[in-house]
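As structure tokens, the structure follows; a few thoughts come after it.
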Amino acid sequence: MMASSYNAKEEDGHHSGAAGHGGAGAVKSRKPDNTAFKQQRLPAWQPILTAGTVLPAFFVIGLIFIPIGIGLYVTSNNIKEFEIDYTGVDSNSPCYSCARNFSSNSTTPCTCSLNFTLEQPFESNVFMYYGLSNFYQNHRRYVKSRDDSQLNGDLSSLKEPSKECEPYRTSESFPIAPCGAIANSLFNDTLELYYVESNGTRNLVPLVKKGIAWWTDKHVKFRNPSGNSNLTIAFQGTSKPVNWRKPVFELDPLDSENNGFINEDFIVWMRTAALPTFRKLYRIIQKKPSTTPTLPSGRYILTVTYNYPVLSFDGRKRMILSTISWMGGKNPFLGIAYITVGSICFFLGADIPN
Amino acid sequence: MARERGEEEDTGGTGGKSAPKVKQRQRKKKTKESKTRTVHANILYDSAKGEESPNRHYANNKIKTTKYTLLSFLPKNLFEQFHRFANVYFVFIALLNFVPVVNAFQPELALAPVVFILSVTAIKDLWEDYRRHRSDKEINHMDCLVYSRAERRYVEIYWKELRVGDFVRLRCNEILPADVLLLSSSDPDRLCHIETATLDGETNLKQRQVVRSFYDLDCDFNPLKYTSVIECEKPNNDLNRFRGYIIHRNGRRDALYKDNLLLRGCTIRNTEEAVGIVIYAGHETKAMLNNNGPRYKRSKLERQMNVDVFWCVIILLIMCLFTAVGHGLWMFQYGDKRPVFDVLSPEGTDLSPIMSAIYLFLTMIIVFQVLIPISLFVSIEIVKICQVYFIHNDLELYEEETDSHLQCRALNITEDLGQMQYIFSDKTGTLTENKMVFRRCTVAGVEYSHDANARRLAMYQEVDSEEEECVSHGGTLPRRDSVTSHTSARVVLRSQSTKSHRRTGSRAEAKRASILSKHTDITPDPQLLDKVNECSSKMDFMRFHSQSLSTLSSDLCDIIDFFVALTICNTVVVSSPNQPRQKVTLDKAGMVSFLHRVINIFELKSPVKTIEDFIKRFTPSRLTSSNNSSSSSLNRSNNRGCSSLISSPSADSTLTKLDEEKTAESPDEAALVYAARAYKCSLVGRLPDQVTVELPHLGKLSFELLHTLGFDSTRKRMSVVVRHPLTDQITVYTKGADSVIMDIIRPPDTGTRKRQKKIICRTQNYLNQYAADGLRTLCIAKKVLSKEEYACWLQRHLQAETAIQGREELLFESALRLETNLHLLGATGIEDRLQDGVPETIASLRKAGLQIWVLTGDKQETAVNIAYACKLLHYIQAKFLCSSSDQAAKMYLTNNINNMAAADLYPSLPVHRLGLVIDGRTLAYALDRSLEDKFLAVARSCRSVLCCRSTPLQKSMVVKLVRNKLKVMTLAIGDGANDVSMIQVADVGVGISGQEGMQAVMASDFALPRFSYLQKLLLVHGHWCYSRLANMILYFFYKNAMFVALIFWYQFYCGFSGSAMIDQWYLIFFNLMFSAFPQLITGTLDKDVSAETLQHLPQLYRSGQNSEEYKPYMFWMNMIDAFYQSLVCFFIPYFAYADSGVDLFTWGTPITTIALFTILLHLGVETKTWTWMNWLSICFSVALFFTVALCYNASCPTCYSPSNPYWTIQRLLQDPLFYFLCIITPCSALLPRSITNVVHSLSIARVNHFIDFIVVSKEHPQPEPGHHGVAAQPATSFPVHQQAPPKRQ
């Protein structure tokens, strides 16, 4: 019977496309293998949710999370942070006039000084940030407006920047270096910090500008155009971004390792912030070898060279001084979150049986 | 081309219903084009090198079912894939990326997912096409013999080389390569027998006739002399029609009918050689035109899913619109002061807020495209293929006896199996085995219970090993072997080696043999056997001494008449079986002699052409010596290459060793013939005018067959009129349903009247008993006609036969006139054996909430019996019988149904105990538009519905009615060609690949070897497939919504500018790679409930019926959960990094990671069973993400513009904050879901405990009233139930 229907079956099964067992039918048995996999009998773990298994699980999660949360919270609270807004919105603010009278083509920079007092001394390394609010560095077109090849020192990109840079790609038929909107809007305020001793003398606090960018950015991603160690020549035939006052090879004329595309302030700026309110590392105040705190408590003066307009988009500018811990800057949120979730689990563990 | 046309025609309708349509259309076509096909013989045109051959325009015999060629694959496949709307959508989005103003991603990258999805599908299609190609090739390279003019003989060519107009020589057991017009046959009657099982599923042999004008050729057909031209109709797919005519050289025309045409795919049987001319070849053959190919249905779940995909589109549009408006407003607030971060368009022009909003809308469609899950469709397909794979591989759905297992022919409706609500089942061959077994009989009022036979039948369940050893596997004998002797020896050797090498195959064959013999071998009742022997020896003695037979006692006379009636009162044709059925049960010594004999068979040149020829030569009455008889049988087997040798162990050695397969129109006729043979009363041959019977001691007797009054459903009986060779009397043997036969029995007026009455009374008692046992009962009666009576009847009968008007009625009346005043001989009880496990299966399917309707073409009594036997009906169940045959039926039915509806409302009646039995004629009224609602209302309230005497069309109408009106999921199961339309109409069609060929299987979505496998298929696989897919689809929606919402929240913080903190690579590959595998594994392997529990508690199936796994609200619940989770995943990093120096991707990468963890953990929460594959897939996903991220972030500091995430993940991995985020966020995101899950499962556990309690208390003897009722009636216990359960292997 099997044999006689072999060919017939072939004819039938043949068009099904799916069945497709006709071919082997007569030759070997079609008995399926008795393996655990094919019979869907793989050994399996079935988490059976009963009050006996669920409650301890919740308890354990709660017991783990709450201490972590407390730890994080304490860590965050130990971080010292000071913040001062220097936008100059209020009329009594020292920078009010600078903000008001801002014009991009004025030759003399406007400076203003702000006094503030640190209540507590800052130990260890202190990080100095500038903070911007309402600045949408994450705008879709803004984020794309750069040419990584150019920033990597690629000569052809230097002369012929990517189309992504439009409309900041060329200026008066010269290619812009660095091109794009991000570079064009480089933050260019200069901040200086003075410690006012009790006798009234102002001591300039030394600000270190090295090490504020990612190591990989500084050494891998950003490179000056190769071929000539003299940046002026290397950048010949390019134009500065329209908003800039000086070309890219004059960003830090004193230190050739911090000039051109590998200027760390520039690199930090090019790493576009994720959220419209952000801070960017500006300088580091290094710990002194002696036991005296890096920034002792007392009066300080912040001198701002006011170049960067933010009022047009209702932005704010801040200067932030902060120490950091093993898990970054001051942010109590994560600790609170752990404590909250932990407590919820803990109480659920107690409540569910009812 | 031809195939396409075929498909076109097939799409017009389905099965039987479409046939008239197609016919109509063709008729129309014909009248329009009035074109016919003209076939000339090719050999006439050989000299013309085929250039001018008039047949050259017709399709050749090469079949090609593949869709593509190497060249056309890409364009054609793409074209087909773009028929799916989703693909077009995704390509549109990918192309949108090339527009600079709106682009969101790197355009090439955006193409990646679409290309990936398309290529996965393309590879799948290519593989399927390749398989078709392979099997095409195999078929195309089969051999056939074609007459070659050059060599003046038949040469062997491949099938594909066959052309229209070729002369083909066909031999026994050969499969027809094309549609061939029969021109010559070695049969003396110019007949050719074919088996059409592959076409219409009917297993009985059909006779085909040589074309009239070649009928009288006395010598062999010579193709060279053929000069005629054939005109016939164009190729069509109607198997039962062929019209045309043949024009001879002398201008004579002869009509051609379907009886002259041999169809491709059929097998030649019983005819040594036939020659024909090819009329239709290849794709134009009727068999190929009837092939519809695989079927594509859309499952209920998918329909539901598509609604939700639509909702996703709406959500997407709302989100895009919201963002666009937001962006417009954001731009507007700045007024003319353009902030530095609002970059101008590349052209340097200032965009108005409205224009930017419009551009942004398009951008957002690209960014949010993930919400419409591109991989969902592919994933579903993959999961379904895996599910089909597992169903195929289920050992419990494999039948060893026939070496067949479940076939899923429709790949995309596996989950529908879990949602069935109504099952429509055929009876014969589906619930029963369709193998009639003679069980008991009563002759002349004495009951012969055949206990030994019953015991033997029960034993067959277990016996197999011994038989296996002594059954030799015949193997496939290539037909050439019948020609030369040395090859035949090889064949025997091969069959031996076959046995040793393929143990499993031969075992399956052996088992089949045992099944076959189970039905053909009957252990005779010793008492009855003695009586038969006694009687026949007496008759022999009397004949020898020329005594009148009337001296024989009437008891004995009845007995011999009874068996003669069993033997001849039927339409059974004796035919030699085909080779592959060769089975010999011999011991080892016998084996050797058998082999000798086989070889001898092939060596002997046969002087006698056919069995009929043989019978004609040796007048049966002369063959009385047993020696002679056995030698003749040997002779006969020698004569024919294709005869089978079965020596039945029970047969007397002095009697014939040879046995032929008997093909009967209905299996119960065959059963009766086999029963008679057990009493040595065997049917030897049937010709149109005589029946030859071999009786013990008497040898062969030829009964001159005067008339056969065939069975019809009104008379419910059939009769034969024969001239008895011993008494020379004209005798009428009638066989029929007890209800009608009993009415026309007239006891004779003589002194035996009292005895006769007693016999009738007793027989009636036994009949009732048989019926109660679920046996089919038949009464056997006879009548002796005097010459005058016969002459009188004959005159009117001939008038009726020749009448032009109302011939049917006249013949009917004529039959009624004859069948009067019969003498009751006895009655038989035939068992239509239920398949194993049918009652249990039905019971558990019932428990699963499935309504089971039985739709059968069988008569009411049988159907009801079977319904009782398989516990579909219970005796205590109130039963409404709706059967009516007159024109007032409509009224009657209306009243009846109204009454029933009233009864339905009547509270005291246990509604669920109702059973409805309705016959075909009544059904016709019930299906009337005005009544169908009432009918459905009644049928719904009944526990079981039984439709008997229903036509295939009615079956499909019932299914359609229930499906459309009640909006339920329907499953139709059947095995025969008459179930095809019903199978096609139902949501899921299941074919039983059993006795009746492939027709039902071809039309079905799933093919099962047995009915009882339906239980596991539905309850276990159906449930699993449904719950797995439902959960997977919901998970998909959740996953994509959750991921996309992250970006949506971000829009509030980037000025609605369409910026994304998730890198484009992650965004595009997240779905495709990082989160794809675990859900596929879970979607394929997860088991919410174990197989054992599902089978033990069929109630669990109801969850699928009520679509509990995937309700509309669940989609929204998942959406809400997705939005909640994304809020958590967005805002925890947001606050953790608020007012810090974090850059876009250093902030976005943790979010991606967190989202991945959350999504995987979510899957973990939803996964019920964890195998190593689940663990592996989740670990793999996480590892893959980090590997890709690490490689990607380290690979290139300048590429991947516009945004380069160089060294991001490396820095993050050094940051403790990252790890703290990765712990807290998934935990808090999944908190609500896990809490609800816990609460839910705790409450379920309580309910489960409750259910367990109920089950336990049910199993312990809390006697149900129903059980009592059944037990009170011992008659309901059907023998099958007492059999030992089938042995598991």
Side-chain angles (χ1 to χ4, degrees), chain A residues 1 3-4 7-8 10-12 14-20 29-32 34 38-40 42 44-46 49 54 136-145 148-149 152 164 166-167 181 185 216 220-221 271-277 279-281 312-313 327-329 333-334 337-338 341, chain B residues 65 128 131-132 135 175 198 265 291 293-294 337 339-341 343-344 346 348 390 393 395 398 403 405 407 409 411 476 504-505 512 578 580 998 1002 1053-1055 1057-1059 1061 1135-1136 1139-1144 1147 1169-1171 1197-1198 1201-1204 1206-1207 1216-1217 1220 1224 1228 1238 1241:
Chain A
M1 195 62 205
S4 78
N7 283 319
E10 188 55 67
E11 281 248 342
D12 302 330
H14 164 61
H15 305 285
S16 69
S29 165
R30 290 189 259 173
K31 184 172 182 172
N34 190 4
K38 286 192 176 177
Q39 301 307 316
Q40 305 194 53
L42 284 175
W45 170 63
Q46 276 180 284
L49 299 174
V54 169
Y136 287 87
Q137 247 202 328
N138 53 17
H139 190 285
R140 185 172 66 91
R141 288 199 298 275
Y142 183 83
V143 168
K144 289 198 292 183
S145 186
D148 280 324
S149 298
N152 197 237
E164 300 284 354
E166 291 284 8
S185 59
T216 49
V220 184
K221 206 173 165 183
R271 197 158 268 282
T272 52
L275 297 166
T277 299
R279 60 173 76 167
K280 282 184 185 289
L281 193 53
S312 64
F313 52 88
M327 54 160 296
F333 172 76
L334 211 52
Y338 265 89
V341 174
Chain B
T65 53
E128 277 181 4
R131 275 199 341 200
R132 276 195 289 268
S135 87
I175 297 170
T198 51
N291 250 323
K337 297 181 289 181
V340 281
F341 43 79
V343 184
L344 302 167
F390 280 120
N393 273 300
L395 263 180
Y398 168 78
D403 189 31
H405 58 103
Q407 283 181 44
R409 293 173 47 82
L411 293 183
T476 321
T504 42
R512 270 199 81 83
N578 33 66
M998 301 301 293
M1002 297 266 290
Y1053 298 95
C1054 67
S1057 64
S1059 191
M1061 70 294 192
F1135 286 117
D1139 191 25
S1140 72
V1142 73
D1143 75 284
L1144 193 58
W1147 183 65
T1169 48
W1170 288 77
T1171 64
T1198 56
S1201 71
S1203 48
N1204 184 299
Y1206 188 68
W1207 221 251
L1217 189 64
F1220 282 113
I1224 182 83
S1228 36
V1238 164
S1241 66

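Chain letters run A, B, ... following the sequence lines, proteins first and then strands; every chain starts at 1.
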* Between the side chain of A/Lys221 and the main-chain N/O of B/Trp1207, is any donor-acceptor distance below 3.5 Å? -> no
* Structure fact -> Here the gap from B/Ser1059 atom OG to A/Lys144 atom NZ, rounded to the nearest 0.5 Å, amounts to 9.5 Å
* Sidechain-backbone polar pair: A/Arg271 side chain, B/Asp1143 backbone, donor-acceptor under 3.5 Å -> no
* Asked: Where do A/Leu275 and B/Trp1147 come nearest, in terms of heavy atoms and distance?
  -> CD2-CH2, 4.0 Å
* Measuring heavy-atom distances to chain B, does A/Leu334 have an atom under 4.5 Å in its side chain, in its backbone, in both, or in neither? -> side chain
* Asked: When rounded to the nearest 0.5 angstrom, what is the spacing between OG1 in B/Thr1198 and CG in A/Asn152?
  -> 5.0 Å
* Nearest heavy-atom pair of B/Leu395 and A/Lys31: which atoms, and what distance? -> CD2-CE, 3.7 Å
* Short side-chain to backbone donor-acceptor contact, B/Ser1057 and A/Arg140, under 3.5 Å -> yes
* Asked: So which heavy atom on B/Tyr1206 is nearest to which on A/Thr216, and how close?
  -> CE2-CB, 3.9 Å
* Do side-chain atoms of A/Tyr338 reach the backbone of B/Phe1220 as a donor and acceptor pair under 3.5 angstrom? -> yes
* Tell me, for A/Phe333 versus chain B, whether the close heavy atoms (under 4.5 Å) come from the side chain, the backbone, both or neither. => side chain
* Please state whether the rings of A/Trp45 and B/Trp1170 are parallel, tilted or perpendicular, taking 30° and 60° as the class boundaries. => tilted
* Please report the closest heavy-atom contact between A/Ala44 and B/Thr1171, naming both atoms and the distance. => CB-CG2, 3.7 Å
* Structure fact -> Minimal heavy-atom distance between A/Gln46 and B/Thr1169, with the atoms involved, is CG-CG2, 3.2 Å
* **chain A contact via B/Tyr398 - which portion, at a heavy-atom distance below 4.5 Å** => side chain
* Structure fact -> Applying a strict 4.5 Å limit to non-hydrogen atoms, the region of A/Gln40 in contact with chain B is both
* Asked: What closest approach, in Å, do A/Phe313 and B/Pro339 show between heavy atoms, and which atom pair accounts for it?
  -> CB-CB, 3.7 Å
